[in-house]
Each structure stands twice: as structure tokens, then as C-alpha cells.
Colleague: 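Right, I'll just put the structure down here and ask away after.
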Amino acid sequence: AQSVTQLDSHVSVSEGTPVLLRCNYSSSYSPSLFWYVQHPNKGLQLLLKYTSAATLVKGINGFEAEFKKSETSFHLTKPSAHMSDAAEYFCVVTLYNQGGKLIFGQGTELSVKP
Amino acid sequence: EAGVAQSPRYKIIEKRQSVAFWCNPISGHATLYWYQQILGQGPKLLIQFQNNGVVDDSQLPKDRFSAERLKGVDSTLKIQPAKLEDSAVYLCASSLVPIENTEAFFGQGTRLTVV
């Protein structure tokens with residue numbers, strides 16, 4: 001069965017410092033992996049996706065993620081946090097051959113301190 | 001491009017009452033999903049439509065939840081009767097094609113409170 005585990009329920013950083021949100025996945029097949037962001041009272045927005053092309057994926061707003069098969073990880077990073085990055089982040093895997101069904105992690109709440 | 005539209009944004013009902021949510025997907029998107037997001041958890045799929053047919057409803061509590069997608073466009077999700085544990089945000093999403101590497105676009109959700 002495919003699943004994702006987000007290792008931190010809450011991460012707090014200072015503005016201008018690096019961001020690291022950790023995600024491990026479990027999949028019997030080569031997975032498609034996504035990171036979505038959810039700002040308060042707003043819909044989920046796609047940050048980036050991995051679909052077996054380049055292992056380093058660049059997304060919007062300066063975020064990127066690296067797919068590491070040996071570690072079954074897909075961690076999200078950003079070199080320098082901005083106040084507007086404060087939100088809930090979800091690591092997501094899609095099920096192989098099951099019509100795009102998304103399996104969400106529990107979420108990581110990112111706080112950014114001035 | 002217009003996004004996924006959902007209404008209402010908020011709803012408060014008493015337990016055992018019924019409630020309905022409406023979703024209008026992005027034009028041309030054949031696949032429509034309803035997700036339930038309980039506070040502090042990631043969204044969980046309730047039902048997936050491909051055009052007006054059901055692809056996956058394995059996680060839908062069919063004794064109280066129902067959903068339909070008329071003419072392969074708009075969709076409604078109904079709960080009857082509601083329970084306290086149904087308090088959650090109900091998210092509608094749509095995608096162009098139902099394959100695993102396709103982006104799904106989400107609406108803002110309907111926040112349901114059952115008292």
C-alpha cells in the first residue's frame with residue numbers, strides 16, 4: 001500500500017533562515033509525489049510535483065524538493081523563509097493505476113517568526 | 001481561468017439534520033473528487049467521479065453520505081443525518097484526466113460544524 005509520513009507536525013523558523021519539511025513515502029511502484037500548501041481559509045495549492053523525471057524538483061515561491069529513492073524521502077526545502085510562507089504543508093502520493101487518487105500526509109504547520 | 005467553486009463556505013447544523021454541499025469544477029475537467037478534512041488531519045478521499053460515473057467511493061459512509069454529479073459537471077455531496085464526527089472541511093477538487101501525475105485543483109472548501 002502507498003502512504004506518506006510527514007515527520008514533523010509543526011516546524012518553526014525565523015524569517016530569512018532555511019526551511020526543511022520532511023516527508024517519507026511508502027510505495028510498491030515508482031510513485032508520483034506532490035507537495036501542496038494550504039493557507040488559512042484558502043484552498044490547497046500545488047507547490048511542486050515529482051513524476052520520475054529529474055529528482056530535484058523546483059516549485060513555486062522558491063521551494064524545491066529532492067526525490068531520494070534510497071531513503072524513500074521527498075523533503076521540501078527553501079533557502080530563506082518569508083513571513084508569507086506560514087501555512088500548512090501536505091506531502092501527497094498518488095496511487096498507481098487508480099485514477100489520480102491522492103493520499104495525503106498528516107500535514108506540517110510552518111510558523112515563521114520575524 | 002476560473003477555479004473550483006464551492007458553496008456554502010460555512011455551515012452550522014444540529015446533529016441528525018441534513019446538509020448539502022455544492023461544487024462546480026474547472027471547465028473541461030472530467031475528474032471530480034470530494035475530500036473530508038478533519039481538524040489536524042490531512043484530507044481523506046470520500047468519492048471520485050469520472051464524468052458522471054463513480055470511480056471510487058470505498059471511503060464514503062454510504063449509510064449517511066451520498067453524492068451525485070449531474071451531466072458530468074456540477075456535483076453535490078449530502079449528509080443525512082449528520083453526526084458530531086462529521087464536523088470537518090469538505091473539499092472539492094477537479095483534474096483534467098484521472099492519472100497519477102496529474103495536478104488536482106482544489107476549491108476553498110465548506111467548513112461544517114455539527115452541534
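First the proteins, then the strands, lettered A, B, ... as listed; each starts at 1.
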Colleague: Side chain, backbone, both or neither: which part of Y36(A) has a non-hydrogen atom closer than 4.5 Å to chain B?
Modeller: side chain

Colleague: Would you kindly say whether T108(A) and H10(A) are connected by a side-chain donor-acceptor distance under 3.5 Å?
Modeller: no

Colleague: Among G109(B), P43(B), A93(B), G40(B), which residue forms the greatest number of heavy-atom pairs with chain A at distances under 4.5 Å?
Modeller: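 Option with the top pair count is P43(B).
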
Colleague: Heavy-atom distance under 4.5 Å to chain A: side chain of Q37(B), backbone, both or neither?
Modeller: side chain

Colleague: What distance do N24(A) atom CG and S73(A) atom OG have between them, rounded to the nearest 0.5 Å?
Modeller: 6.0 Å

Colleague: Who wins among Q45(A), E88(A), K49(A), E109(A) for the most heavy-atom pairs under 4.5 Å with chain B?
Modeller: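 So the answer, after comparing Q45(A), E88(A), K49(A), E109(A), is K49(A).
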
Colleague: If you round to the nearest 0.5 Å, how far is CZ of F106(B) from CD of Q6(B)?
Modeller: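 Between Q6(B) CD and F106(B) CZ, I get 10.0 Å after rounding to 0.5 Å.
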
Colleague: When rounded to the nearest 0.5 angstrom, what is the spacing between OG in S7(B) and CG in N24(B)?
Modeller: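 Answer for the OG-CG pair, S7(B) versus N24(B), is 9.5 Å.
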
Colleague: Under a 4.0 Å N-O cut-off, is there an ion pair linking D86(B) with K15(B)?
Modeller: no

Colleague: At a heavy-atom distance under 4.5 Å, which candidate from Q108(B), Q41(B), E103(B), R9(B) has the highest pair count against chain A?
Modeller: E103(B)

Colleague: Where on Q38(A) is there a heavy atom nearer than 4.5 Å to chain B: the side chain, the backbone, both, or neither?
Modeller: side chain

